[in-house]
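These notes are about the structure you will find just below.
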2 protein chains.
Amino acid sequence: MSKAPFTTVINLLRAQALVQDRFSGELGSVHGLALNEALLLMHLEKAPLRRLTRVDLAKRLHASPSTVTRMAMPMEKTGLVARQSDPRDARLAYVALTEAGLTLVGEVRKTLERRSAELFRDRWSDAEVASLGKLLGRITAGELGDLT
Amino acid sequence: MSKAPFTTVINLLRAQALVQDRFSGELGSVHGLALNEALLLMHLEKAPLRRLTRVDLAKRLHASPSTVTRMAMPMEKTGLVARQSDPRDARLAYVALTEAGLTLVGEVRKTLERRSAELFRDRWSDAEVASLGKLLGRITAGELGDLT
DNA sequence: GTGTAATACTTGCGTTCGCAAGCTTTAATG
DNA sequence: CATTAAAGCTTGCGAACGCAAGTATTACAC
């Protein structure tokens with residue numbers, strides 16, 4: 001009987017909920033950012049010119065374009081991100097990482113790395129963590145937007 | 001270099017987003033349920049008298065009690081769930097699975113099992129799926145509410 | 001070129017959710 | 001008992017989100 005896939009999926013959902021709970025708090029209180037906003041900045045950091053269009057961002061964040069538009073608005077006001085247009089294609093409105101945003105995303109990354117390490121600090125060997133990361137990576141293998 | 005925990009966490013977030021996208025559609029169109037509603041029913045199915053208080057459900061769903069109250073309302077209208085009170089403690093308002101709810105949750109479970117199997121159908125060995133499930137289970141080891 | 005389709009973005013609307021406040025009921029303290 | 005604390009639930013409010021519709025711009029077909 002092969003209910004292993006089902007068990008795996010359920011465990012995935014539960015693990016993600018736990019991680020999100022653990023991380024959202026500190027991310028908000030320390031950096032003033034929601035988890036989704038942090039991911040948005042990290043995607044920009046990895047992008048070619050540190051900028052992405054709204055639809056590209058939406059795909060990477062598994063969100064709708066309207067959500068990205070609304071997420072970018074307050075981050076533009078606080079100067080983490082700037083709006084850029086493309087001279088070649090007037091439809092495009094890039095979300096570009098500013099210097100302030102670049103600085104912040106570095107700190108955010110450090111926070112996430114520290115919290116991630118804490119998550120596996122007890123009862124986990126390095127090999128187990130690496131193995132889990134590799135297996136999870138295979139689920140999203142075809143997708144774009146690697147943040148590591 | 002010990003960025004493995006960070007990579008693992010990022011991959012976990014991405015994998016969950018993909019799974020949620022994949023499952024929400026069919027779950028909604030076939031059974032008329034959101035993923036959270038399906039999880040709620042499955043928690044009730046596993047509970048001692050097939051019923052749980054709202055705060056217990058909230059903990060298991062990683063949601064707030066008010067969210068559970070609001071989730072239960074339409075499901076009560078459609079007869080999947082019934083409200084029960086406790087003669088010993090008048091504060092308690094159980095969410096109890098009805099016969100219709102029990103029938104539906106069985107079908108929902110089959111759908112989820114089938115979709116889960118599809119998720120790993122290509123490029124995954126049984127051992128790899130089982131290994132991933134086991135590792136993910138360790139993240140939420142201390143929590144209550146096992147759905148398998 | 002001209003008309004049609006496709007793409008990128010934004011906005012209105014409804015839904016879902018958490019937080020804080022409030023109500024009711026039970027537990028604990030003296 | 002009486003009083004205070006705690007627990008469970010609900011409601012008001014605001015924030016975040018997706019969908020559908022609308023606008024503007026580019027690409028394609030002929």
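Every chain is numbered from 1 and lettered A, B, ... according to where its sequence line falls, protein lines coming before strand lines. These figures come from a predicted structure and were not determined experimentally.
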Mind checking whether A:Leu57 and A:Leu102 sit in one hydrophobic cluster, side chains of I, L, V, M, F, W, Y counted as touching below 4.5 Å?
yes
Numerically ordered, the residues 30-51 of chain A set in heavy-atom contact under 4.0 Å with DNA chain C is none
Nearest-angstrom distance from the residue atom CZ of A:Arg88 to P of D:dA24:
25 Å
Going by atom types only, do A:His62 and A:Glu143 share a side-chain donor-acceptor pair under 3.5 Å?
yes
Ignoring hydrogens and geometry, is there a side-chain-to-backbone donor-acceptor pair from A:Gln20 to A:Ala17 under 3.5 Å?
no
A:Gly145 backbone acceptor or donor facing B:Arg14 side chain under 3.5 Å:
yes
Does A:Met71 or A:Asp86 map to a spot on DNA chain D nearer the 5' end, using the closest nucleotide for each?
A:Met71
Does a sphere of radius 6.0 Å around CG in A:Asp86 hold more than 12 heavy atoms from other residues, nucleotides or ligands, not counting ones at 6.0 Å or beyond?
yes
Salt-bridge criterion met for A:Arg109 and A:Glu45 (N-O under 4.0 Å):
yes
Linked hydrophobic residues, B:Val55 as query - side chain contacts closer than 4.5 Å:
none
Around atom NZ of B:Lys134, are there more than 12 heavy atoms from other residues, nucleotides or ligands closer than 6.0 Å?
no
Does the protein touch nucleotides 3-13 of chain D at the base, only the backbone, or not at all? Give it as B, S and - per nucleotide, heavy atoms under 4.0 Å.
---BBSSBBBB
